[in-house]
There are 2 protein chains.
Amino acid sequence: MTDASATSFAFSSVPAKQQQLIQTAFTLFYRDSIHGVGINQILQETGIAKKTLYHHFASKDELILAVLAYRDEVFFNWYEQRIRHATSAEETVQFWFSALDDWFHNRVAELQEFRGCFFMHSAAEFTDPAHPVHQHCAQHKTRLSGMLSKHLGQWLDSRKAKKLADDLCLLKEGAIVCAQVQGNKKAARQAALIAQGLLITAH
Amino acid sequence: MTDASATSFAFSSVPAKQQQLIQTAFTLFYRDSIHGVGINQILQETGIAKKTLYHHFASKDELILAVLAYRDEVFFNWYEQRIRHATSAEETVQFWFSALDDWFHNRVAELQEFRGCFFMHSAAEFTDPAHPVHQHCAQHKTRLSGMLSKHLGQWLDSRKAKKLADDLCLLKEGAIVCAQVQGNKKAARQAALIAQGLLITAH
DNA sequence: AACAAAACAGACCGATCGGTCTACCTTAAG
DNA sequence: CTTAAGGTAGACCGATCGGTCTGTTTTGTT
């Protein structure tokens, strides 16, 4: 599990109180935005003392980064295992958007109720590209695309694999926004159909 | 100008102080998120008295909605005039992504420095689909897609025009996220190439 | 059992939050 | 000129913000 992790962060080895803080903070941030939720609310929901929070995290920013790392681990691992057993580029694309569709329809308990992409939202709240939060969001997406590209590389040459992966990620982002902002539950299927055309040119 | 407006909101007929509040609020919200900016900061930047703000807006939420309406008008009108003179579906697609590319490269002064989609960000901060802010964001996107579909309808039957418009909007969202989160300035060109494949199936 | 680490309740700090209000000044309209 | 509308400075409200700290209890380790 730790080896398969996309980051050096291993949530399962974190102390229980820290885990609780991170998970609760994630739920609240994901629902009401990072700046819309104060640490006192997190403390109230968890019943944890403020001193304890500051024992584990030097600041709210540190907590936010830990929350990002946690979500990164959960999301990355889920997506990776969803496409892991694909046996062709075609099947990879199919699995890619099928996973997305399940997410939009709230069929993935570990990802919580769909409210869009937490990394997209966090990057929107911290728009300075130099801010650690923004950078973590960018890295998450780069890494996900890298994972997909590597997988496609089994069947395509690396240039084509990289290009297709980038295109699939662009489509993923588009579908997520359409699903979240407009409530369009068919966005994943829509993106999948667009992706069919990409496969023809990839071969 | 008012007739071409996508909404009943006409910013140019709004009192000067109100305009100033809205424009300054937009700049601050767009940079530091809606919840990350307090009204006192807006007042400090504008030099306007708090009583005046509450004379024009019943609450912060009302101010936010006015800011959305303002940005809606600016963005919608800009995008519409960018594709207005296209003489074919192909040229419409070309203009659609060329406009996006200019925006990403900060070549559109009226839209301010590119930091992603304000509606996407606002919907992320107000994730409850019933909230007026979220609804306004959704409506903005639905209307933009409708405008594009209507334009394409000059050359395609209405079903095909609608489908193509929806696909182009999905690609637009994807490109915006890639450009904003990962700083990928080539995202518009990338999306344009994907769109070429869509045109073949649209005819 | 002794000690250290983790955790608790809660007070405190300076600052800010969104919003209300008084007293007064300036501008616009009739 | 008079009145109404728009606008100002700034005090105030209850609440919350992120963060610091004291004193005490609980839990974990040796």
Side-chain angles (χ1 to χ4, degrees), chain A residues 10-68 70 121-122 125-126 128 131-134 136, chain B residues 10-68 70 121-122 125-126 128 131-134 136:
Chain A
F11 186 67
S12 54
S13 65
V14 161
K17 290 291 181 178
Q18 201 175 345
Q19 288 190 22
Q20 193 185 354
L21 285 165
I22 289 169
Q23 284 176 328
T24 300
F26 170 73
T27 298
L28 293 173
F29 289 161
Y30 191 38
R31 193 185 71 202
D32 294 320
S33 82
I34 291 170
H35 286 102
V37 175
I39 61 166
N40 290 306
Q41 196 180 341
I42 297 163
L43 298 175
Q44 188 181 43
E45 283 240 10
T46 54
I48 290 172
K50 191 177 288 191
K51 190 80 188 283
T52 303
L53 185 146
Y54 284 101
H55 172 74
H56 290 288
F57 306 101
S59 61
K60 187 180 177 180
D61 266 17
E62 292 297 317
L63 171 63
I64 294 166
L65 287 169
V67 171
L68 282 167
Y70 158 70
H121 296 176
S122 303
E125 286 196 60
F126 295 81
D128 177 7
H131 196 285
V133 168
H134 193 105
H136 194 122
Chain B
F11 186 67
S12 54
S13 66
V14 160
K17 290 290 181 178
Q18 200 175 347
Q19 288 190 23
Q20 195 185 353
L21 284 166
I22 289 169
Q23 284 175 326
T24 300
F26 169 72
T27 299
L28 293 174
F29 289 160
Y30 192 38
R31 194 186 69 201
D32 293 321
S33 83
I34 290 170
H35 285 103
V37 176
I39 59 166
N40 289 305
Q41 195 179 344
I42 296 162
L43 297 175
Q44 188 181 43
E45 283 240 10
T46 54
I48 289 172
K50 193 178 284 190
K51 191 83 189 282
T52 303
L53 186 147
Y54 284 100
H55 172 74
H56 289 289
F57 307 101
S59 62
K60 186 180 178 181
D61 266 17
E62 292 297 314
L63 171 63
I64 294 165
L65 287 168
V67 170
L68 282 167
Y70 158 70
H121 296 176
S122 302
E125 286 196 61
F126 296 81
D128 177 7
H131 196 284
V133 168
H134 194 105
H136 194 122

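Quick caveat: nothing in here was measured; it's all calculated off a predicted structure. Throughout, a chain's letter reflects where its sequence line sits, starting with A, and its residues are numbered from 1.
Few gaps surround CD on A:Glu62; more than 12 heavy atoms of other groups in view lie less than 6.0 Å from it.
A distance of 11.5 Å separates CD in B:Gln23 from OG1 in B:Thr46, rounded to the nearest 0.5 Å. Note: A:Gln41 CD to A:Glu45 CD = 6.5 Å, rounded to the nearest 0.5 Å. Atom NE2 of B:His136 is separated from atom CG of B:Leu65 by 7.5 Å, given to the nearest 0.5 angstrom. The CD atom of B:Gln18 lies 9.0 Å from the CG atom of B:Leu63; values are rounded to the nearest 0.5 Å. To the nearest 0.5 angstrom, B:Phe126 atom CZ is 8.5 Å from B:Leu68 atom CG. We find the CD1-CD distance between A:Ile64 and A:Glu125 to be 8.0 Å, quoted to the nearest 0.5 Å.
Side chain of B:Lys60 to backbone of B:Ile34: a donor-acceptor contact under 3.5 angstrom is found.
When heavy atoms are screened at a 4.0 angstrom cut-off, B:Lys17 is found touching the sugar-phosphate backbone but no base atom. Using a 4.0 Å heavy-atom criterion, one finds that B:His56 contacts the sugar-phosphate atoms exclusively.
Heavy-atom distances under 4.0 Å link DNA chain C to A:Gly47, A:Ile48, A:Ala49 of residues 38-50 of chain A, given in residue order.
Comparing the helix axis at one end of the helix from C:dA1-D:dT30 to C:dG30-D:dC1 with that at the other, each defined from 5 consecutive pairs, gives an inter-axis angle of 20° (nearest 10°).
Straight-line distance from the NZ atom of A:Lys51 to the P atom of C:dA11: 16 Å, rounded to whole Å. Taking atom OH of residue A:Tyr54 and atom C1' of nucleotide C:dC8, one finds them 17 Å apart after rounding to whole Å.
Ring orientation note: the planes of A:Phe26 and A:Tyr70 are nearly perpendicular, at an angle over 60° on the 30°/60° scale.
Of the side-chain N and O atoms in A:Thr52, none sit less than 4.0 angstrom from OP1 or OP2 of C:dA6.
The heavy-atom pair separating B:Ile42 from B:Thr24 by the smallest distance is O-CG2, 4.3 Å.
A:Phe57 has its side chain out of reach of A:Val67: every pair of non-hydrogen atoms, C-beta onward, lies at least 4.5 Å apart.
Heavy-atom contacts of chain B under 4.0 Å fall on DNA chain D between two terminal nucleotides, which in 5' to 3' order are D:dG6 to D:dT8.
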